[in-house]
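This report refers to the structure that appears directly beneath it.
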Protein chains: 2
Amino acid sequence: MNEDTKLDAAFSALAHPARRAILARLAQGAATVNVLAEPLDMSLPAVSKHIRVLENAGLISRGKDAQFRPCTLNAQTLETVANWTDQYRYIWEARFDAMDNILGSMKGNKDE
Amino acid sequence: MNEDTKLDAAFSALAHPARRAILARLAQGAATVNVLAEPLDMSLPAVSKHIRVLENAGLISRGKDAQFRPCTLNAQTLETVANWTDQYRYIWEARFDAMDNILGSMKGNKDE
DNA sequence: TCTTTATTTAACCATTTGGTTATTTAGTCA
DNA sequence: TGACTAAATAACCAAATGGTTAAATAAAGA
């Protein structure tokens, strides 16, 4: 899978609040499908589908323990996303730099 | 619009390569719809829709100059996305910390 | 073996998405 | 005014998404 396609899958997986909730839960450690489903207001098959989306996007991995399928967070994929957004960091920081300059010159004027 | 809904819109807007290409172009400065459409392999109305998606997600803003509607990047929204992913940074960094520890202890063994 | 638990799959449905072509709107310029 | 340019809107379509309920699969436990 090429980089662009990976980003498509990751961003689109992150676009649903239930899926972000699942990731937030997994940040605290592995969990089974039932545990992940418990706080979510939807049927188990719906959760199962969300989990598959996350897995296909490389955001989680699944194990096998008896009849349980414990999920674990795959944070490296989130790092890929972070790296993408970081391309633009200098732009949103420039806004604050500009603000700093304005505040700085105001302070300068006041001092002089 | 609440924080969760904003993230839904932002992530889902970022999930399409054409839209990421538009943002990449806008990082170099404002551009009209026609200019943004030029490198994209799709009709102008299709681009128009993508632009609307980006605008609704707060990722771009549009101006008005005669019959042109110049678009500009709204990097603050990307910052919101970056802040969300940053929640998980300690997790993907932990992987490298663990690696460092392994490498560190190997080096330690070698030295002793 | 029979039952229970965990999870997935199947079948279905409504809505959204991403594209198209044709048309319309708005502004410029000769 | 009339022709041209930029962009949006309308109408349409196929495919994907996100949910449902019912049924199937797989492993554990009595």
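Keep in mind it's a predicted model, so treat the numbers as computed, not measured. Quick note on labels: first sequence line is chain A, next is B, and so on, each numbered from 1.
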Phosphate-side-chain proximity, B:Arg62 and D:dA8, N/O vs OP1/OP2 below 4.0 Å: yes
Counting the atoms with a prime plus P, OP1 and OP2 as sugar-phosphate, which does B:Ala66 contact under 4.0 Å by heavy atoms, base, sugar-phosphate, or nothing? sugar-phosphate
By nearest heavy atom, map A:Gln67 and A:Ala46 onto DNA chain D; which one lands nearer the 5' end? A:Ala46
Hey, does the side chain of B:His50 come within less than 4.0 Å of C:dT17's phosphate (OP1/OP2), counting only N and O? no
Does the side chain of A:Leu73 reach to within under 4.5 Å of the side chain of B:Trp92, using non-hydrogen atoms? no
Rounded distance (Å) that lies between atom P of D:dG18 and atom CD1 of A:Ile22: 12 Å
In whole angstrom, what separates B:Lys49's NZ from C:dT17's C1'? 8 Å
Classify the ring geometry between A:His50 and A:His16 as parallel (under 30°), tilted (30 to 60°) or perpendicular (over 60°). tilted
Give a yes/no answer on whether the side chain of B:Arg69 brings an N or O atom under 4.0 Å of OP1 or OP2 in C:dG27. no
Side chain of B:Arg52, heavy atoms from C-beta onward: which of C:dG19, D:dG19, D:dA8 has the nearest atom to it? D:dA8
Value in whole Å for how far the P atom of C:dT25 lies from NZ of B:Lys64: 15 Å
Which residues in residues 29-36 of chain B have at least one heavy atom lying under 4.0 Å from any atom of DNA chain D? B:Thr32, B:Val33, B:Asn34
Over how many whole Å does the gap from A:Phe68 atom CZ to C:dT4 atom P extend? 16 Å
Could you state the CZ-P distance from B:Phe11 to D:dT17, rounded to the nearest angstrom? 17 Å
Write down the distance between CG (B:Leu54) and C1' (D:dA8), rounded to a whole number of angstrom. 16 Å
If only side-chain N and O atoms of A:Arg19 are considered, is one of them under 4.0 Å from the OP1 or OP2 phosphate oxygen of D:dG18? yes
Indicate whether OP1 or OP2 belonging to D:dT20 is found under 4.0 Å from a side-chain N or O atom of A:Ser43. yes
